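Structure first, commentary second.
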Amino acid sequence: MMLLAVYLILAWMYFKDNAEQLNSSGLLLWFMVIPLLFIGAIVATKWWQKRIDHKESDEPKAAHEKTSVQTHDTYKLFIHSSVSLPEGSSWSEVINNQEDLTSLSDTLTDFDGLPLLTKPIAGLTEPEPLPYYDTYNEETTDTDISPLTLRLYALLDEQLSLNAGLLSRLAQYFAAYQPPANEPNSAVHIHPEWQQRYLISADFSAHESDADNTLFNTTNIAPAKLSIYLVLPASADATLLSMAIEEQMLAHGIPKARFFITPVTTDITDEPDAIASTTLQTPIDFINAHLLLLSQSTDPEICLLLIADSQINEAWLEEQLTATDFSNATDSANPSSLVPTEAGALLTFYNQAAQDVLNIDSSTAFLFTKVNESNDTTKNGTANTNSFITQRLSYSRHLNIVRDLLVDHSFSLTPTNIAESKTTDFSIINNKKITDKDNKTKVLFYESNITAISDINPEVQPYDTSVFSNFTEAFIEHGALINTYHLGSYMTANVWLKSFISLSLFVSLVYDDQQESEEIFLITQHQHSCLLWTVDAKPTI
């Protein structure tokens with residue numbers, strides 16, 4: 001309209017000085033037809049732009065509605081966890097720790113030769129000589145164990161110590177499952193004075209085994225499978241540490257025939273594509289290949305995930321300083337801001353069948369939902385790994401789906417992968433039945449206390465932090481009280497620890513402070529997908 005006004009002023013000024021050139025047809029052309037054509041072009045352009053915008057907005061909406069109609073499988077697991085960080089080993093210790101935990105290293109220096117600031121775990125006990133060390137030396141002709149391997153063993157030993165009670169429980173279970181030796185005539189070969197005592201002892205052992213079977217519900221049930229995954233940096237001696245963990249399992253009384261250790265070698269960079277060695281390249285690979293199957297199995301299955309990493313060594317520092325993509329790295333990778341740290345975590349995942357036979361004290365179950373990996377693909381169906389913007393936008397789309405899932409189910413997601421479970425088609429909010437149609441347009445969480453956790457590192461992910469803030473606004477606008485925590489600053493250079501430290505602290509919060517928040521959920525980012533973790537809470541009908 002401003003352009004039209006300028007045109008009319010210029011036309012009027014021109015014909016004011018050249019009035020003899022303006023006749024009736026010229027007046028009609030210059031002051032009626034051309035302005036109308038100009039206005040028509042503007043209106044047509046605006047209409048076309050609105051049509052394009054409407055079409056573009058409808059496409060994600062249609063895709064979202066299609067996704068909403070589709071079932072997002074939710075899987076149920078029981079989780080026990082522990083974590084070792086410089087800040088502490090529980091949610092309250094880590095989140096509320098305001099101390100300066102950095103210290104000057106005795107061995108690491110910066111470019112100027114000055115001692116480098118590090119962030120170690122204080123009080124971590126250095127281990128005794130590693131089990132199998134002499135035998136390993138004979139086989140490999142090595143004479144020294146690297147300081148990194150020793151430090152990792154200290155981290156792993158700390159995790160096993162924190163889970164000693166659970167390991168003892170597993171050992172009792174496996175011992176209870178072992179059938180007593182059936183040797184009815186073995187007493188014949190015993191000295192006559194010892195035969196009676198042998199028979200009494202055998203009878204007592206049989207009764208003790210029956211009692212154990214009753215305690216663990218092991219009658220006519222297959223023994224649980226115990227899988228151990230040991231995630232270590234590439235520069236560690238994975239073979240020696242695997243042997244040490246095996247010795248620890250045997251020391252706790254778990255038979256060798258009942259567990260198998262799988263080393264997973266990970267690089268010390270935060271790039272998922274730079275991870276080597278096994279098919280378990282990223283945490284989402286582990287979740288897809290093992291946790292999904294474990295959740296769906298009707299046989300008792302238990303999975304131990306052991307992760308340890310220490311950056312307080314020359315190898316890690318040199319790797320960071322000589323990284324090929326250092327020129328494009330974030331500020332956190334700048335040598336002047338590097339603060340090497342260390343961490344360890346142990347997570348025990350087990351399914352409903354294992355919980356039924358183990359009778360572990362805590363019965364809190366967790367649900368996880370993998371959100372929409374298929375949307376982040378190119379037209380030929382292959383994953384789009386090259387578009388940074390696509391990955392950014394996909395996180396926003398994933399959060400929108402997560403928001404609708406939480407709203408539609410009132411945070412009470414039910415497993416949809418189990419044949420006998422039925423997904424509820426309604427929600428109960430504030431004692432009011434909300435139909436699926438109403439629930440998609442109404443969020444009634446007035447004065448609900450919600451804790452939202454992510455694995456975002458706000459220092460290097462400002463865009464994701466902003467997107468997550470917009471995501472939580474949907475609940476705040478409807479009266480919910482939101483407490484937001486971002487846990488991605490812990491061990492960001494190790495994608496495994498970044499994901500599972502967040503999960504471990506989430507589990508710690510659920511066990512320790514569940515009364516403070518009515519709803520608690522965690523969202524972890526993965527390449528081409530997100531995972532939503534919630535507590536298994538059934539709606540009250």
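Keep in mind it's a predicted model, so treat the numbers as computed, not measured.
Between W91 and Y485, a ring centre-to-centre spacing shorter than 6.0 Å is recorded.
In this structure, the side chains of V535 and L367 stay at 4.5 Å or more apart for every pair of heavy atoms. The side-chain heavy atoms of N313 and P147, taken from C-beta on, include no pair separated by under 4.5 Å. Residues K225 and I302 form no side-chain contact, since every pair of their non-hydrogen atoms from C-beta on lies 4.5 Å or further apart. Looking at heavy atoms from C-beta onward, N483 lies out of side-chain contact with I450 at the 4.5 angstrom threshold. A heavy-atom distance below 4.5 Å is not found between the side chains of V339 and T118. Side-chain contact check for L241 versus L152: some heavy-atom pair is nearer than 4.5 Å.
Under the 30°/60° scheme for interplanar angles, the aromatic rings of F521 and F471 are found to stand perpendicular. Relative ring orientation between F468 and H486 is described as perpendicular, the plane-to-plane angle rising above 60° on a 0-90° scale split at 30° and 60°. Using a 30° and 60° split on the angle between ring planes, Y229 and H290 fall in the tilted class, from 30° to 60°. Relative ring orientation between H80 and Y511 is described as tilted, the plane-to-plane angle lying within the 30° to 60° band.
Between R403 and E473 there is no salt bridge, since no side-chain N of the basic residue sits under 4.0 Å from a carboxylate O of the acidic one. With respect to D536 and K76, a salt bridge is recorded, a charged nitrogen being found less than 4.0 Å from a carboxylate O.
The closest donor-acceptor contact from the side chain of S168 to the backbone of A164 lies under 3.5 Å. S105 places a side-chain N or O within donor-acceptor distance of the main-chain N or O of T107, the cut-off being under 3.5 Å.
Remark: of the listed residues E342, E99, E87, E87 is the sole one forming a salt bridge (Lys or Arg N to Asp or Glu O under 4.0 Å) with K119. Of the listed residues (L522, I523, I453), just one forms a side-chain contact (heavy atoms from CB on, under 4.5 Å) with S502, and that residue is L522.
Because its NZ or CZ atom is not both nearer than 6.0 Å to the ring centre of F368 and within 45° of the ring axis, K370 does not count as a cation-pi partner of that residue.
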